[in-house]
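Naming convention: chains lettered A, B, ... in sequence-line order (proteins, then strands); numbering from 1 in each chain. All values reported here derive from a predicted model rather than from experimental measurement.
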Protein chains: 2
Amino acid sequence: MGAATHSRTHDHGHSHACRADPGTMVSRAETLCRARGVQFTALRREVLEAVAASERPPGAYDLAERLSRPGRRVAPVSVYRALDFLMELGLVHRIASRNAFVPCAHEHGAGENVVFLICRTCGGVDETTSPEVETSLGQTLARAGFTPAHSILEVEGDCGTCRRERAAGEA
Amino acid sequence: MGAATHSRTHDHGHSHACRADPGTMVSRAETLCRARGVQFTALRREVLEAVAASERPPGAYDLAERLSRPGRRVAPVSVYRALDFLMELGLVHRIASRNAFVPCAHEHGAGENVVFLICRTCGGVDETTSPEVETSLGQTLARAGFTPAHSILEVEGDCGTCRRERAAGEA
DNA sequence: GCGAGGTTGTTACAGTGTATCACCCCGCGA
DNA sequence: TCGCGGGGTGATACACTGTAACAACCTCGC
């Protein structure tokens, strides 16, 4: 995907590895938590790493299962709490149309909107920002007399890689 | 809300009545079904009427409850089937961020995107279209090399009426 | 009449998310 | 040192959302 998209799925030749480097995410989290005086606990770190490490956006129950081991069970409710925390910090986003979670690839400015590009073939999700959309949406809302607090924009379709692969397959 | 917004919540002085005239919706449905040679059954009509008549977007279970009477129980699964049917026809939309359903106020062209304006105060949902957003989103997607199939855009905030009411209340 | 296809009823179940309470850990002040 | 308080986690239970599978029905056309 293009350079402007802060690609998280990189150039995957379908050898998906990770969508965001877990180490980098953890560093950002630590910095943020220190700044805000909140705790970055082991569970929160593990949940963040798991989200960052998965190729496709996991659900809360996926994460719970992935973090559980013979000696230690992580209940979904704990995962939800950690996810809420991470979303509060802007390190994770929720994909409403999938009930799934993605690591946030950006250092957002506050209130900045993002566009999620959800590939229906490979299941990957890319995240991008768009000033044009931002301004045109602002105009539309103003015309409607609506004061936005928060918005979600999710597009389902085919990412460039999958489209090319399909075209090659059909040839 | 503005004239361009195909307002469904009209000028509610919080005496909400209906978001779309059920009779009109039913007429459109009948026409559409005849044209496509599919059945517009009693259940489908009742579900459509119930969605059209409620001030705030109902969930599937709300509808099931509302349509059930002492002598006749409508199971959620039946409601889901009717809703799927109505969505197929473009008569109803699903609000992903709320797990709720709204009647579609437009006669859409196919593939036309809509913007949902969800008021967090009164819970009403308005629906509008925006050519500007459409084109700017198209540009963004093209730049990302992404082929869209379908997109959702939901904005949560305060509608004009509620904002004015709040301002008046604070004064 | 009778078969075929579509619609609905019914039950069961999977998936998603929240409420509640108990416990633990750690820091802080008496 | 003890007790206290607050945030975090564990555990259970539950509510809400959505789907699978199958039986019964209804209608339409032959």
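With sequence neighbours excluded, the residues forming a side chain to side chain contact (heavy atoms under 4.5 Å, CB included) with B:Gln39 are B:Thr41, B:Arg44, listed by chain and number. With sequence neighbours left out, A:Arg98 forms a side chain to side chain contact (heavy atoms under 4.5 Å, CB included) with A:Ile95, A:Ala100, A:Ile118, A:Glu156. Applying the side chain to side chain donor-acceptor pair (under 3.5 Å) rule to B:Arg66 yields no partners; only residues at least two apart in sequence or on another chain are considered. By the side chain to side chain donor-acceptor pair (under 3.5 Å) test, A:Arg34 is found to be paired with no residue, residues two or more places apart in sequence or in another chain being considered. With sequence neighbours excluded, no residue forms a salt bridge (charged side-chain N to carboxylate O under 4.0 Å, His left out) with B:Glu88. Under the side chain to side chain contact (heavy atoms under 4.5 Å, CB included) criterion, A:Ala60 pairs with A:Val79, A:Tyr80, A:Leu83, A:Phe101, sequence neighbours left out. For B:Ala42, the side chain to side chain contact (heavy atoms under 4.5 Å, CB included) criterion is met by B:Arg45, B:Glu46, not counting sequence neighbours.
One can place CZ of B:Arg73 at 10 Å from P of C:dG9, the figure rounded to the nearest angstrom.
Near DNA chain D, meaning a heavy atom under 4.0 Å away, there are no residues from residues 30-47 of chain B. Contacts of residues 79-86 of chain A with DNA chain C (heavy atom under 4.0 Å): A:Tyr80, A:Arg81.
Taking Ile, Leu, Val, Met, Phe, Trp and Tyr as members and joining any whose side-chain heavy atoms lie under 4.5 Å apart, directly or through other members, A:Val77 forms no hydrophobic cluster with any other residue.
For the atom pair CG (B:Asn113) and OG (B:Ser151), the distance works out to 3.5 Å, reported to the nearest 0.5 Å.
At a threshold of 4.0 angstrom between heavy atoms, the contacts of B:Arg72 with the nucleic acid are absent. Contact annotation for B:Val74: no contact, since no heavy-atom pair falls under 4.0 Å across all strands. Among the atoms of the strands shown, none is found under 4.0 Å from any heavy atom of B:Arg98.
The nucleotide range of DNA chain D contacted by chain B, defined by atoms under 4.0 angstrom from heavy atoms of the protein and reported 5' to 3', is D:dT17 to D:dA21.
Here salt bridge (Lys or Arg N to Asp or Glu O under 4.0 Å) pairs that include residues 115-124 of chain B, with residues two or more places apart or in two chains, are B:Arg120-B:Asp158.
At distances below 3.5 Å, at least one donor-acceptor pair connects side-chain atoms of A:Ser54 with backbone N or O atoms of A:Ala50.
Contact annotation: B:Ser78 does not reach the phosphate of C:dT8 (side-chain N/O to OP1 or OP2, under 4.0 Å).
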